[in-house]
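Data first, discussion second: the structure below is written as structure tokens.
In listed order, ligands and their atoms are each counted from 1. Note that the coordinates shown come from a computational prediction; the quantities given were computed from them, not determined experimentally.
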Amino acid sequence: MLEGDEWLLSGQKVWTSGAAWSDWCFVVCRTDPDAAPKHRGISYILVPMRQDGVEVRPIAQMTGDSEFSEVFFDRARTSAENIIGEVNGGWKVAMGTLAFERGASTLGQQMSFANELQQILDIAVANGRAKDPVIRQRIADAWIGLRLQRYNALRMLSGAEGAEPGRESMITKIFWATWHRNLGKLAMDVLGADSEIADGPPYQLSALQRMFLFARSDTIYAGSNEIQRNIISERALGMPREPRPA
Ligand SMILES: Cc1cc2nc3c(=O)[nH]c(=O)nc-3n(C[C@H](O)[C@H](O)[C@H](O)COP(=O)(O)OP(=O)(O)OC[C@H]3O[C@@H](n4cnc5c(N)ncnc54)[C@H](O)[C@@H]3O)c2cc1C
């Protein structure tokens with residue numbers, strides 16, 4: 001609701017990554033309840049987190065961290081000029097943000113993926129699992145998957161200059177998310193029985209244990225694997241739109 005030169009926001013937002021340590025968040029909210037189609041009635045607004053109208057409740061995750069939180073807005077305030085794009089034109093901005101989140105923003109992750117794979121390889125060599133033919137196959141597959149991610153990223157970056165990202169960008173999220181979830185499983189299999197033991201009491205997990213647990217969510221956030229497949233089938237392959245409720 002616009003009041004003078006400020007927006008007032010009320011509502012709840014669950015699963016907000018980084019909320020506990022963020023100064024600002026963006027909120028995609030309904031600003032015209034009567035708009036048809038409905039997506040024409042939402043706006044994209046930047047909101048300061050540190051104010052009385054915003055309550056952040058961190059959620060304890062199985063990794064032992066609280067990477068995301070529930071966030072409650074109760075007449076939270078932000079200046080009218082903090083709207084991005086047009087009033088009621090937030091859908092387009094949100095789609096741009098998602099394209100970035102699913103595509104280019106994930107390129108830096110490949111560095112940490114490479115470090116994780118190297119760590120797994122070092123453990124496999126040290127504990128003898130590298131002699132297991134099935135583990136060797138899986139480590140080689142993981143390496144191939146990482147190279148594919150790199151080549152696809154380079155293809156995306158060199159092809160997208162000044163234009164909409166091409167179809168190759170649509171496979172980015174589902175590919176890295178599935179690859180990383182499988183890497184977590186590989187890490188635990190390479191660790192063997194050690195994967196069951198915490199680094200310290202009461203629940204101090206190693207980096208690889210945390211990676212295994214957190215990577216379960218990679219195929220959910222920023223659009224689940226099923227949603228990614230829907231996007232590919234409809235937008236890349238030109239298949240009919242999935243049935244939607246009236
Ligand atoms: C670690 C983590 C961090 C997150 N951080 C943020 C954040 O910072 N900001 C934010 O806004 N959100 C965040 N989220 C929320 C995240 O975006 C949603 O959880 C995700 O989009 C899935 O939506 P949902 O939970 O409502 O599941 P649902 O949409 O209810 O889906 C449930 C299941 O049904 C499947 N499904 C749903 N629709 C279809 C369909 N049309 N066709 C086929 N299958 C379908 C899904 O794939 C899934 O398996 C985060 C989530 C996690 C796990």
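In terms of modelled atom types and a separation under 3.5 Å, the side chain of T63 and the main chain of D65 share a donor-acceptor contact. Judged by distance alone, with hydrogens and angles left aside, the side-chain atoms of N127 form a donor-acceptor pair with the main-chain N or O of R129 at under 3.5 Å.
Using a cutoff of 4.0 Å between basic side-chain nitrogens and carboxylate oxygens, E67 and R210 are not scored as salt-bridged.
The stretch residues 234-246 participates, sequence neighbours left out, in these side chain to side chain donor-acceptor pair (under 3.5 Å) pairs: N230-E242. The ring pair (Phe, Tyr, Trp, His ring centres under 6.0 Å) analysis of residues 15-38, with sequence neighbours excluded, yields the pairs W15-F68, F26-Y44.
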Anything under 3.5 Å between an N or O on ligand 1 and a protein N or O? List each pair with its distance, or write none.
residue: ligand 1; atom: 5 (N); partner: W15; partner atom: O; Å: 3.0
residue: ligand 1; atom: 5 (N); partner: S17; partner atom: OG; Å: 2.8
residue: ligand 1; atom: 8 (O); partner: W15; partner atom: O; Å: 3.4
residue: ligand 1; atom: 8 (O); partner: S17; partner atom: N; Å: 2.8
residue: ligand 1; atom: 8 (O); partner: S17; partner atom: OG; Å: 3.3
residue: ligand 1; atom: 9 (N); partner: W15; partner atom: O; Å: 3.3
residue: ligand 1; atom: 12 (N); partner: W15; partner atom: O; Å: 3.4
residue: ligand 1; atom: 41 (N); partner: E242; partner atom: OE1; Å: 3.2
residue: ligand 1; atom: 41 (N); partner: E242; partner atom: OE2; Å: 3.0
residue: ligand 1; atom: 42 (N); partner: N230; partner atom: ND2; Å: 3.1
residue: ligand 1; atom: 47 (O); partner: S224; partner atom: OG; Å: 2.5
residue: ligand 1; atom: 47 (O); partner: E226; partner atom: OE1; Å: 2.5

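Among residues two or more places apart in sequence or in another chain, the side-chain contact (heavy atoms from CB on, under 4.5 Å) test is passed with I83 by W7, S43, I45, V87.
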